[in-house]
Structures are given as C-alpha cells and as structure tokens.
Amino acid sequence: MKWLLLSIIVFATVFGDLLQSYEMKRSGEQAVDVRGLARLLKMIASRRYLLLSIVCMTFSFFAFMALVQIAPLSFAVPASAATFVLETVLAKFLLRESVGRRRAAGTLLVLGGVLLLAR
Amino acid sequence: MESFSSSAIHAVPCGSERAAPRLRIFALVFGVICLNALGNLSLAWGMKHVGESVSLNPLSFLRVMLDPAVATGILLLILWLLSRMTLLSWADLSFVLPMTSLGYVLAAVFGKVFLNETVTGAHWVGTGLIFLGTTIVGTTDSRTSDRANPEQQ
C-alpha cells in the first residue's frame, strides 16, 4: 500500500506542478492582493490544465496524509521530495527552462539536505 | 502532451511584460514558505489530536477536516496554493522548487519548538545544505523560459 500511495504522490505532484507552471507562465504575472486572489480562483475554474493541476495536488495531498499514517515520516518525506529532481529535469525539457550548472547544483544540495532532515 | 511540450516556450507572454523585481520575488518566496509551514504545523497538530485514523475513505477525511486545527491548516494551505501559483507566474518552476524547500527547515524548527520533535546533528547538516542550495539557486535568473537564448545562465 505504501508504494501505491508513494506512486500516486510522485505522479500527481510532478504532473500537477508542470501543468500549473505552464498555465501560470501563460497567464502573465499575477498580483498579490484580493483582486489577484479572486482572479486566480476564476482562472482555476476556467482553465482546464489549471483545474487538472489542482485535482492532481489534491490527490497528492490526501495520498501523503494517508502515507504518513502507515509509513514513518523518514520514508515519506525523502521519497516524495525526490519529485523535485524529476520536476527540474522535466521543467528543462517540457517548459524550456534554463537549468544551468548552478541551478542543478543548488537543487541537488537542497535534495541532500531534505534527505538528511528526514533521517 | 505533445502540444504541451512544443508550445510551452511560445505560449509565454511575459516577455512583453515587466519582470517582477528580485526583492518582490524573494518576499513572495518567504510568504509561500511561511504559509506552507504554518499550514502543515496546524494540520499535523490537528491530526495528532483528532484521534481518528485516516484511510482512503472520503468520509473519514471529511470527519477529520471538521477539527478546528485541521480546518485552519487546510485554509492556510489553500492560501499557500494561491500564493505559490502567483509565484509560478513570476518565476520558473525549477527556481521555485528549491527556493521554497526552505520550508522543510522551518517545518523542522516548528516541529522542535511546538511538537517537541528531536533535531539531531544530521538535521543541522541537512539545514545547512538546504540553505547553501537555496542560496546558490537564488543567484540564478528567476525566469528563463521566455528568453531568446535559454542556454546562457
């Protein structure tokens, strides 16, 4: 069961984040105020990729809640944190982001830190 | 997915807009991190005191959500989601992910202070690595996917 939940978390997180980043790049820069928040809610309701990303994140959230009840946090956190290496690679190829040496090195250091924090 | 991949760079309209100032990006990163850490803390505190095991059954989830601490946590996490969406409209996903991972450090600190969890030497080394990693990522361009030559950084 824990591997099934972990698979749901990884797939849903990666797919959801990629879709959300793609849609938010398309939308242009959003404001941080009440109007901005209202506009975001409207966008979620009207853009199918954004809506799908929220569905993915919801699945990921509930799967994580279920996972931490049947597996130790020292398994759940590093296993699910590994998603951001996968996401960084996919962001480079699917979202055409520039992941240079510095950004890749920084991301790997952060991953190492998260793995140590979860011990 | 093919159209998703092939149209990504062309669909970005921000090249014609003013880029978000760096300080504003870091301020929003800070806000996203705080909302996530506070939301998770409230959720964890509520889950520890709710006394009900959560399964994949939706009714079980709904009962747990009625707990005030769990409900507050979920509300804060909704605000976190919206502020993170705004951040993703300002910066790359590959920039946002490591920067916001500072939240793991804050979660560890909150866990020690409020939930009496143990912080070991390995945790401090992990904290150091996360700080170093985010500092390095913080020196890169926050938004690159609308550049004419994205390989230069």
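Hydrogens, waters and symmetry mates play no part in the numbers below; they use all other heavy atoms, side chains included. Within every chain, numbering begins at 1; the chains are lettered A, B, ... in the order of the sequence lines, protein sequences first and strands thereafter.
- Residues A/Y22 and B/L88 fail the side-chain proximity criterion, which asks for heavy atoms closer than 4.5 Å.
- Between A/D17 and B/R84 there is a salt bridge, since at least one side-chain N of the basic residue sits less than 4.0 Å from a carboxylate O of the acidic one.
- In this structure, chain A has heavy atoms under 4.5 Å from both the backbone and the side chain of B/T139.
- Counting heavy-atom pairs closer than 4.5 Å to chain A, the top residue among B/V137, B/L132, B/L129, B/V105 is B/L129.
- Of the two parts of A/A31, only the backbone, made up of N, CA, C and O, holds a non-hydrogen atom closer than 4.5 Å to a non-hydrogen atom of chain B.
- Contacts between A/I44 and chain B at a heavy-atom distance below 4.5 Å involve the side chain alone, from C-beta outward.
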Stepwise side-chain hydrogen bond (donor to acceptor under 3.5 Å, both in side chains) test for B/S94 and A/E97: CA-CA 7 Å; B/S94 58; A/E97 292 181 4; 2.6 Å; yes
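- With a threshold of 4.5 angstrom between heavy atoms, A/M43 does not approach chain B through any atom at all.
- A heavy-atom distance below 4.5 Å is found between the side chains of B/T134 and A/V110.
- Across B/R24 and A/E29, no two heavy atoms sit closer than the pair NH2-OE1, 3.9 Å.
- Looking at B/L87, neither its backbone nor its side chain comes within 4.5 Å of chain A, counting heavy atoms on both sides.
- Using modelled atom types, one finds a donor on one side chain and an acceptor on the other under 3.5 Å when comparing B/T140 with A/R103.
- From A/F61, atom CZ reaches atom CD1 of B/I74 across 5.0 Å, with rounding to the nearest 0.5 Å.
- Looking at B/F131, there are no atoms closer than 4.5 Å to chain A (heavy atoms on both sides), in backbone or side chain.
- Heavy atoms of A/L90 lying under 4.5 Å from chain B are absent altogether.
- With a 4.5 Å cut-off on non-hydrogen atoms, B/L77 touches chain A through its side chain but not through its backbone.
- Taking OG1 from A/T107 and CD1 from B/I136, the interatomic distance works out to 9.5 Å, rounded to the nearest 0.5 Å.
- Side-chain atoms of A/L116 and B/I130, non-hydrogen and from C-beta on, never get closer than 4.5 Å to each other.
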